[in-house]
Amino acid sequence: MRITDQLRDAVVEALAAAQGQGVLPSAGAFEITIEQPRDQGHGDFATSLPLKLARTMKMAPPIIAAAIVDAFPDDADVKNVEVAGPGFINITLADAWFQSQVEAIRAAGSEFGNTDSKTGQKIQLEFVSVNPTGPLHVGHARGAVIGSGLANLLEAAGADVTREYYVNDAGNQMRVYTETLYSRYMQAAGYDVPLPETSYPGEYVAEQAQQIFEDDGGALADLPKEEAIAALYKPGLERNLALIKTDLEDLNIIYDVWFSEQSLFDSGRFDTTMKELEDDGFIVDRDGARWFASTQLGEDKDNVVIRSSGGHTYFASDIVYHAEKFKERNFDQVIDVWGADHHGHVARMNAAAKALGIDPDKLTIILNQLVSFKEDGESLRFSKRKNVIVTVRDLIEDVGADAVRYTFLSRGAESQMEFDLDLARKQSPENPVYYIQYAHARLSGILRNAVEKGIDWADGDVSLLTHDLEIALVRQITALPDVVDRAADRLEPQQVPHYATEVARALQRFYDACRVISENEDDLPVSKARLKLVEAAQIAIARCLSLMGMNAPERM
RNA sequence: GCGCCUGUAGCUCAGCGGAUAGAGCGCAGCCCUGCGAAGGCUGAAGUCGUGAGUUCAAAUCUCACCAGGCGCACCA
């Protein structure tokens, strides 16, 4: 059992005992929280329960606290329970408990930190899902990192996670891209064909056209325009998806499913879902177009699903896509990570979910605020349309994938952030990302040295770990499962890097004060015990880094 | 105009209704002929945007205002 649960149970038991003896009156429903106080003088764990009960019990908090403390059950793991401050109960654990955790963590190995709070839940995370019309630009990196970080967390919490990229291969933008590709292809063939009115002016399209031209020997140049465009669709799409996939893989993001929008039409699901909505009265015809009647569900206005020109809107296929997620694949929870520029899409998607009879609690949309980038003291604006692309690839090559992941992961999705490129490059060695990785490398180094010296610490006695900084380090490490649960529950991946920094700090302080490998033969028992602690710390930091999708270097 | 998000140290950002608000960078110092100094220690630095309210307790919840971001398409 998790120590926090164990302590919560003990508090419940103590409270019930005090009430049974008539020392405390009964109280209504309440939640007992066990917190880890910031200040170590306040014990290892604390609860503010007496403060919360004061009102209903009509008693002073310190008196309630004293009654609970008096009735607190005996527990070998607990060293001390006391009333503190205005009515807190501070709990200090026995060293023996911390010592035993070192062995438990070593036994758990890379499984350490996993919990079962989301076990049995089938969760889909859809993120990035950028139009497959070119390479990812830096603005997309944040959603990519947040989405994948969340996926890792939910998986650690026991969920069955599907990481999914929705490929908009059936929309307008793809059409615009392919028309641009056609013009570039014709240019490669030597014809003076201008770019279409709306186009993707980026150089990469010309390069792709050149490649395709060389591959097929220019055969498409003789075809009628529409036929050539149709023929260019597939090679263009494949090239763009390859670019996107490579960039994401370099950010350590591997998807389980690449879901094609076009497949919704090929399978007939688009028509059946639209029919379903129409039968339920949610589709109305007006001004030559078909509308989803969001207003029936309390929204400000209706939204077009089929344009008067005949084509479907992005919204239309997204409705069908979400119907597929819930009704075909039966996800218990669907989390979409979108950029804040998709804000306007949220309310109508929620309305659509309601119309489809989907439990609104099962669809969570995370909007990550857009990132602005700063260089030479000036804010940069990126626009595919204006041919000013700084790609994810540029960013990775500039500051490194680990630093990119750390930077985006350590901030809440809703915070508006500015990415200072100069700072990221110049101060890279000072970046906290290296603080964590350095800690891991240092631990690896110690273990390496121990092996070289022929020390076998398997029989190390952890009860020799009594130094304040040893216990403090174990205390930090053991919090990982709680961090995973809380971060997964609140969908806040930024808690992991902050926690990891704290573990690294505890480690460095321990390292500074406690020599692990000694030249003195008499110190061998302590060395062996500390090697076990070093191993446990390495396991914890490596787990944090893996949750963050970052490398855990043995050397730096 | 309406809606959502944000405002915490010089900068970039954490912060779970609780105890003396934290970290990194930057700044002023100290510490390696001992396992990696990409480290440790000390210090300076804060009207938690402003004002009110709820509460035993507010950076955290509510309201108003100020400032910024985003959205309010037969774009995605």
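Only this structure's heavy atoms are used, side chains among them; waters, hydrogens and symmetry mates stay out. Every chain is numbered from 1, with letters handed out A, B, ... down the list of sequences.
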A:Arg509 atom CZ, neighbour heavy-atom count above 12 within 6.0 Å: no
Minimum-distance nucleotide to A:His42 side chain [options: B:G18, B:A19, B:C13]: B:A19
Whole angstrom value for the distance that separates P of B:A21 from CZ of A:Arg38: 11 Å
Using a heavy-atom cut-off of under 4.0 Å over every strand shown, decide if A:Arg175 touches base, sugar-phosphate, or nothing. nothing
For a quick check, tell me whether the side chain of A:Asp512 and the base of B:A37 share a donor-acceptor pair closer than 3.5 Å. no
Once you apply a heavy-atom cut-off of 4.0 Å, does A:Ala289 come out as touching a base, just sugar-phosphate, or nothing? base
Determine, for A:Glu452 against A:Arg448, whether the closest basic-nitrogen to carboxylate-oxygen distance falls under 4.0 angstrom. no
Looking at the angle O4'-C1'-N9-C4 for a purine or O4'-C1'-N1-C2 for a pyrimidine, is B:C61 syn or anti, with syn meaning within 90° of 0? anti
Using a cut-off of 4.0 Å on non-hydrogen atoms, how would the nucleic acid contact of A:Ser415 be classed: base, sugar-phosphate, or nothing? sugar-phosphate
Output row for RNA chain B, stems defined as at least 3 consecutive Watson-Crick or G-U pairs under 3.5 Å, is B:1-7 with B:66-72, B:10-13 with B:22-25, B:27-31 with B:39-43, B:49-53 with B:61-65
Are any of the side-chain nitrogens in A:Asp302 or A:Arg286 under 4.0 Å away from the carboxylate oxygens of its partner? yes
May I ask you to check whether A:Tyr321 and A:Phe259 place their ring centers less than 6.0 Å from one another? yes
Check this for me, if you would: do A:Lys325 and A:Glu164 make a salt bridge, where the nitrogen-to-carboxylate-oxygen distance has to be below 4.0 angstrom? no
Rounded distance in Å between the P positions of B:U8 and B:G49: 6 Å
C1' atoms of B:C32 and B:A45, separation to the nearest Å: 29 Å
Across the strands shown, which category fits A:Glu452 at heavy-atom distances under 4.0 angstrom: base, sugar-phosphate, nothing? nothing
Can a salt bridge be assigned to the pair A:Glu470 and A:Arg530 using a cut-off of 4.0 Å between side-chain N and carboxylate O? yes
So does A:Asp523 pair up with A:Arg515, basic N to acidic O under 4.0 Å? no
Closest-nucleotide mapping onto RNA chain B: is A:Val516 or A:Trp291 further toward the 5' terminus? I mean the 5' end. A:Val516
Using whole Å, report how far CD1 of A:Ile365 lies from P of B:G71. 16 Å
Counting only distance, no hydrogens or angles, is the base of B:C74 paired donor-acceptor with the side chain of A:Thr313 under 3.5 Å? no
Quick one: do A:Arg290 and A:Glu278 make a salt bridge, cutoff under 4.0 Å? yes
Could you check whether the side chain of A:Arg515 and the base of B:G34 have a donor-acceptor pair of N or O atoms closer than 3.5 Å, going by distance alone? yes
Please classify the nucleic acid contact of A:Asp287 as base, sugar-phosphate, or nothing, using heavy-atom distances under 4.0 Å. base
Determine the interatomic distance between P on B:G40 and the same-named atom on B:G26; round to the nearest Å. 13 Å
Do we see A:Tyr435 stacking on the base of B:G24, given a limit of 5.5 Å between centres and 30° between planes? no
Classify the nucleic acid contact of A:Asn90 as base, sugar-phosphate or nothing, counting any heavy atom under 4.0 Å across all strands shown. base
Gap in Å between the two C1' atoms, one belonging to B:A52 and one to B:C70, rounded: 29 Å
Across the strands shown, which category fits A:Gly339 at heavy-atom distances under 4.0 angstrom: base, sugar-phosphate, nothing? nothing
Atom P, compared across B:C63 and B:C2: separation rounded to whole Å: 15 Å
Once hydrogens and angles are ignored, does a donor-acceptor distance under 3.5 Å link the base of B:G7 to the side chain of A:Gln416? no
A:Asn172 atom CG is separated from B:A76 atom P, nearest whole Å, by 5 Å
Suppose you measure atom C1' in B:U20 against the same atom in B:A64; what distance do you get, rounded to whole Å? 32 Å
